[in-house]
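Some notes on the structure that comes next.
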There are 2 protein chains.
Amino acid sequence: MGPKAAETRTSAPRTPLTRERVLRAASDLADRDGLDALTMRALADELGVEAMSIYYHLPNKNAILDGVVELTFAEIAAEAAAQGPARADAAGWSAAVRARILGARRVLLRHPWAPVVIDQRKSFSPAMVRHVDGIVGVMRDSGMSHDLIHHSLHAIGNRVYGYVQELSDDGQAPPPGQLEQMQSFAPHLAAMLAEVAHVDPESTLGWCDDQTEFEFGLDLLLEGIERRRLAEAAERSGPADR
Amino acid sequence: MGPKAAETRTSAPRTPLTRERVLRAASDLADRDGLDALTMRALADELGVEAMSIYYHLPNKNAILDGVVELTFAEIAAEAAAQGPARADAAGWSAAVRARILGARRVLLRHPWAPVVIDQRKSFSPAMVRHVDGIVGVMRDSGMSHDLIHHSLHAIGNRVYGYVQELSDDGQAPPPGQLEQMQSFAPHLAAMLAEVAHVDPESTLGWCDDQTEFEFGLDLLLEGIERRRLAEAAERSGPADR
DNA sequence: GTCGTAAGACTTACGATGTAAGGGAGCGAT
DNA sequence: ATCGCTCCCTTACATCGTAAGTCTTACGAC
């Protein structure tokens, strides 16, 4: 049959399993058949392999879930890179952040399972941290305080990726070395966390006052809606005035 | 042993199982041990019964999940009732909505699993519909258009209960009779839906343009953050001026 | 060649979980 | 007594993640 196999085996030589191949197949499978269909056996089938073989390359299913989220954020980073550096002046921070968020959303629409997984695993992969760091950088360039940026991140993050569950997040403190390590590849975020943590000594990185964050985001929405309402009323009463 | 049982049975006479008793036990169990611990067998244990006995009162586990969400919204309704009718004039709509949202959140903090379940089951129980209807009513009293209310609901709803997954919601059309039925116990919501659906004929109730809703909510946040930024800048440069 | 060795896949098996199917126990009405 | 209804129990199965151990293959050393 065509090229005679070097082996006496009749089947194709089968490209070897790797962590990357497994994760890509997992992502594809979830895209195609939904998150529920992503089982170890189905994934193994997809790879032409037995379920337990996967465990040689990844320790367990949670590692796979973390891995596919990581892949997704890599895609988001690629999307962001594709539309240029997008650093902005003070007035333009909003458009820059908007572009990044909508870019992320475009990717997430291709992987609708991703927010679900992010939510239930609270994963904080390096790729995700870098993404957030970029947003912090843009905001910082606009002159915002770290405190304001911090609240804003909660408000926006809640909207884009899944994490609804600030509900009693019980934010566990991270291993103490982590902040220093973060400094290298997420400097803006690290700086923000250092300052915010400084103000509120308990809860070093993990996390903030949920109720405060919740009300902050809620009030942003309510204020915005109120302005829309006033605009409607003005429109109704006097479009005469222009 | 104490009061001799009327039966020859040695154990207590055991209050009979009912749908309500099952759901309450399920809610309590999830509160105490987490959503993962809510299994049919654990729930049965909790009730002093075998797992399969539950199926006489509820058809399957999904019905239980829907049921506990319903219970939760009943609690939210009670919370809302406890703080008075809270109808407001045009200017006060915001405070009234705020109070309702925060009331709902207080309940959801007692049941951290609830948003997760709401999210993954997209349940629309009558109690939930009534809750939303109340908010629509308050907003309507302030003179807002149905269209604005509709967008606002998306923005706020996304924040309070889980539903992150407007991501490709693929909003399925509801059974056609549903809107008329809703008219009786959720008049404001029904009116809004009738008008919104009228403007956009496809997708009768189910649902709206995700991208539009997403951007609406995002822009509310971005605008609000921008105003906070300007306030900070003003504060920094000239607190002299007052 | 032929071995030893280790990487990498496979086999088997176990304990959860949701639930289909059917088996009664109890009891009021006839 | 016996039927029939309500309500609970027993048994069993498919599917899931994964622990434990085995077999296969490739390859370097002799």
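It should be emphasised that the depicted structure is a prediction, and the values quoted were computed from it without experimental measurement. Protein chains get the first letters and strands the later ones, always in sequence-line order, with residue 1 at the start of each. The basis for the numbers below is simple: all heavy atoms, side chains too, and nothing from hydrogens, waters or symmetry mates.
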[X] [atom1] - [N] [atom2] separation (whole Å):
X	N	atom1	atom2	answer
B:Met52	C:dG24	CE	P	16 Å
B:Tyr56	D:dC9	OH	P	13 Å
B:Leu65	C:dT17	CG	P	14 Å
B:Leu35	C:dT17	CG	P	13 Å
A:His57	D:dT18	NE2	C1'	16 Å
B:Asn62	C:dT17	CG	P	16 Å
B:Glu50	C:dT19	CD	P	17 Å
A:Asp45	C:dC10	CG	C1'	14 Å

Would you indicate whether the side-chain heavy atoms of [Y] and [X] approach each other to under 4.5 Å?
X	Y	result
B:Leu71	B:Arg24	yes
A:Gln120	B:Leu35	no
A:Ile101	A:Arg105	no
B:Leu222	A:Arg98	yes

Extract from the structure each pairing of a protein N or O with an N or O of nucleotides 13-17 of chain D at less than 3.5 Å, listing the distance.
| from | atom 1 | to | atom 2 | distance (Å) |
| --- | --- | --- | --- | --- |
| D:dG17 | OP1 | A:Lys61 | NZ | 2.6 |
| D:dG17 | OP2 | A:Met40 | N | 2.9 |
| D:dG17 | N7 | A:Arg41 | NH2 | 2.6 |
| D:dG17 | O6 | A:Arg41 | NH2 | 3.0 |

Please report the C-alpha distance between B:His150 and B:His154 in whole Å, then the side-chain angles of each, then the deciding distance to 0.1 Å, and finally whether the ring-ring contact (aromatic ring centres under 6.0 Å, His included) criterion is met.
-> CA-CA 7 Å; B:His150 175 222; B:His154 274 272; 5.0 Å; yes
For C:dC10, does OP1 or OP2 lie under 4.0 Å from any side-chain N or O of A:Ser53?
->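 Checking A:Ser53 against C:dC10: at least one side-chain N or O falls below 4.0 Å of OP1 or OP2.
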Can you tell me if B:Glu79 and B:Gln83 form a side-chain donor-acceptor pair at under 3.5 Å?
->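 Per modelled atom types, B:Glu79 and B:Gln83 side chains form no pair under 3.5 Å.
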